[in-house]
2 protein chains.
Amino acid sequence: MNEHPPMTRIQARNRAVILSGGLDVFSIAGFRGATLDQIADAAGLSKPNLLYYFPSKDAIYAALLEQLLATWLDPLRALDADGDPVTEVLAYARRKLALSRDFPRESRLFATEILAGAPQIHAMLAGPLRDLVNEKALVLQSWMDAGRIRATDPHHLIVSIWALTQHYADFDVQVRAVLGDGDAFAGADHFITDLYRSLLDPAPARRL
Amino acid sequence: MNEHPPMTRIQARNRAVILSGGLDVFSIAGFRGATLDQIADAAGLSKPNLLYYFPSKDAIYAALLEQLLATWLDPLRALDADGDPVTEVLAYARRKLALSRDFPRESRLFATEILAGAPQIHAMLAGPLRDLVNEKALVLQSWMDAGRIRATDPHHLIVSIWALTQHYADFDVQVRAVLGDGDAFAGADHFITDLYRSLLDPAPARRL
DNA sequence: CGTTTGTTTGACCGTTCGGTCAAATCGGAT
DNA sequence: ATCCGATTTGACCGAACGGTCAAACAAACG
């Protein structure tokens with residue numbers, strides 16, 4: 001689409017720190033609640049310097065969403081129709097959970113955007129995301145029809161994986177207050193694996 | 001605590017519409033992102049009139065959180081140690097889901113507050129909520145020890161119910177974009193029941 | 001060295017923010 | 001009808017907002 005002119009090291013570095021600072025602030029306060037001064041402070045730059053690298057607050061936000069959406073669907077895309085059904089679903093859930101663990105700011109940015117009504121990314125939700133979900137739901141349905149996993153609603157299955165994995169990043173403060181400050185993700189990984197195995201396994205070999 | 005002087009019908013009505021308007025705006029934009037003008041507009045009152053009934057923007061927000069927290073823990077409190085284990089957990093999950101269905105704005109308000117770092121309600125999370133969760137986790141653990149439900153992590157079990165039920169309110173825009181504009185809660189209720197029954201039932205009588 | 005280009009910033013602008021206030025209006029009891 | 005407290009609002013305030021700009025500064029190159 002847009003070909004970038006060659007970028008100096010200073011440009012690359014400053015654009016990076018601005019995006020990181022913007023991610024810090026937007027992911028906590030949302031678009032409206034964030035201010036350029038907060039972002040400039042988080043980035044360690046002056047406000048006019050911010051606007052030397054990005055034309056506006058909106059542009060910073062848009063750049064963050066763009067780089068987020070570029071990889072957000074990858075875990076679901078990787079769900080392989082030719083793999084072992086239970087293994088594939090569990091691997092998907094664990095990939096998504098790892099994404100929440102490793103990129104909690106991105107997860108929260110996504111959450112604030114959705115909560116605000118998804119003004120910027122609604123087209124992506126109703127387009128590519130919807131198509132991808134429908135495609136993978138068909139895969140799940142075919143597995144269910146073949147008796148390889150237990151029959152349940154494939155769409156809600158996918159949504160439930162989103163809900164569970166997002167929650168540990170987005171509601172981090174609440175989870176830590178209740179579970180303590182230890183690593184909640186380790187326990188979450190184990191629980192989620194257990195949960196979906198027991199849901200999907202067609203011939204449950206319990207009590208191992 | 002604070003005894004209210006007798007309230008006229010006008011006062012009762014205007015305080016109500018202000019809180020409703022504030023809920024509309026805060027639940028979408030968060031505290032920082034919301035403006036008094038937006039709230040006044042949503043309430044159908046002028047901005048100075050708003051501040052005749054509430055001393056400040058913070059006071060409106062605090063009143064909303066207070067009335068939210070007053071009932072937020074009720075579904076979990078109602079989990080009965082003397083009831084049938086699977087029935088009790090499923091009933092809790094369904095009560096929580098009903099709360100998301102019937103009070104989506106309150107659910108989103110809670111979400112924005114948590115995402116912002118829970119500056120107003122952190123004490124409640126680390127205090128009453130934590131205590132309640134620990135208490136109910138002990139109940140779940142005793143059921144597991146007695147073999148009445150399958151053994152899994154009780155804390156993560158509770159957190160997962162929060163995650164799933166909140167999601168249908170908080171990520172409503174995304175859910176609707178993917179599942180269509182129909183009633184997602186009906187399908188969610190069925191799926192969640194299925195999910196937790198298969199996790200918890202100690203002697204699964206599948207294929208009914 | 002000088003010059004050119006890229007980078008940084010203090011000062012500033014118009015607008016919107018949360019909040020105030022005096023004056024106007026309303027409503028219910030007498 | 002009159003009164004008095006309750007209610008409503010237009011006009012306004014200082015602060016913070018997103019954004020601009022000219023001038024100062026740094027880096028690269030001959």
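First the proteins, then the strands, lettered A, B, ... as listed; each starts at 1.
B:Lys47 places its NZ atom 7 Å from the C1' atom of C:dC17, with the value rounded to the nearest Å. To the nearest angstrom, P of C:dG19 lies 13 Å from CD1 of B:Ile18. The distance between atom CD of A:Gln11 and atom C1' of D:dA26, rounded to the nearest whole Å, is 14 Å. In this structure, A:Leu50 places its CG atom 13 Å from P of D:dT20, rounding to the nearest Å. Distance CG (B:Asn14) to C1' (D:dT7): 9 Å, rounded to an integer number of Å.
With hydrogens and angles left out, the side-chain atoms of B:Tyr168 and B:Ser107 include no donor and acceptor closer than 3.5 Å. Donor-acceptor pairing under 3.5 Å is lacking for the side chains of A:Arg32 and B:Thr35.
Listed by first and then second residue, the side-chain hydrogen bond (donor to acceptor under 3.5 Å, both in side chains) pairs that reach into residues 84-94 of chain B are B:Asp84-B:Thr87, B:Tyr92-B:Trp162, B:Arg94-B:Asp189, sequence neighbours excluded.
Residues meeting the side chain to side chain contact (heavy atoms under 4.5 Å, CB included) test with B:Asp102, sequence neighbours left out: B:Ala98. Evaluation of the side chain to side chain contact (heavy atoms under 4.5 Å, CB included) rule for A:Thr152 yields A:Met144, A:Leu199, B:Phe191, B:Asp194 as partners, not counting sequence neighbours.
Proximity of a side-chain donor or acceptor of B:Arg95 to a complementary backbone N or O of B:Pro75 within less than 3.5 Å is detected.
Of the residues in residues 51-58 of chain A, those lying under 4.0 Å from DNA chain C by heavy-atom distance are A:Tyr52, A:Tyr53. The stretch residues 23-43 of chain A has no heavy atom under 4.0 angstrom from DNA chain C at all.
No more than 12 heavy atoms of other residues, nucleotides or ligands lie within 6.0 Å of CZ in B:Phe103, so this atom counts as exposed by the packing criterion.
Listed pair B:Asn49 / D:dT7 fails the phosphate criterion, with no side-chain N or O lying under 4.0 Å from OP1 or OP2.
Put simply, the residue from B:Leu65, B:Leu36, B:Leu51 that forms a side-chain contact (heavy atoms from CB on, under 4.5 Å) with B:Ile60 is B:Leu36. When each of B:Asp172, B:Asp170, B:Asp24 is tested with B:Arg105 by the rule salt bridge (charged side-chain N to carboxylate O under 4.0 Å, His left out), just one qualifies, namely B:Asp24.
Side chains of A:Ile114 and A:Gln166 form no contact here, defined as non-hydrogen atoms less than 4.5 Å apart.
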Its contact letters, B for base, S for sugar-phosphate only and - for none at protein heavy atoms under 4.0 Å, make nucleotides 22-30 of chain C read ---------
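Between A:Asp153 and A:His155, the shortest heavy-atom distance links the atoms OD1-N, 2.8 Å.
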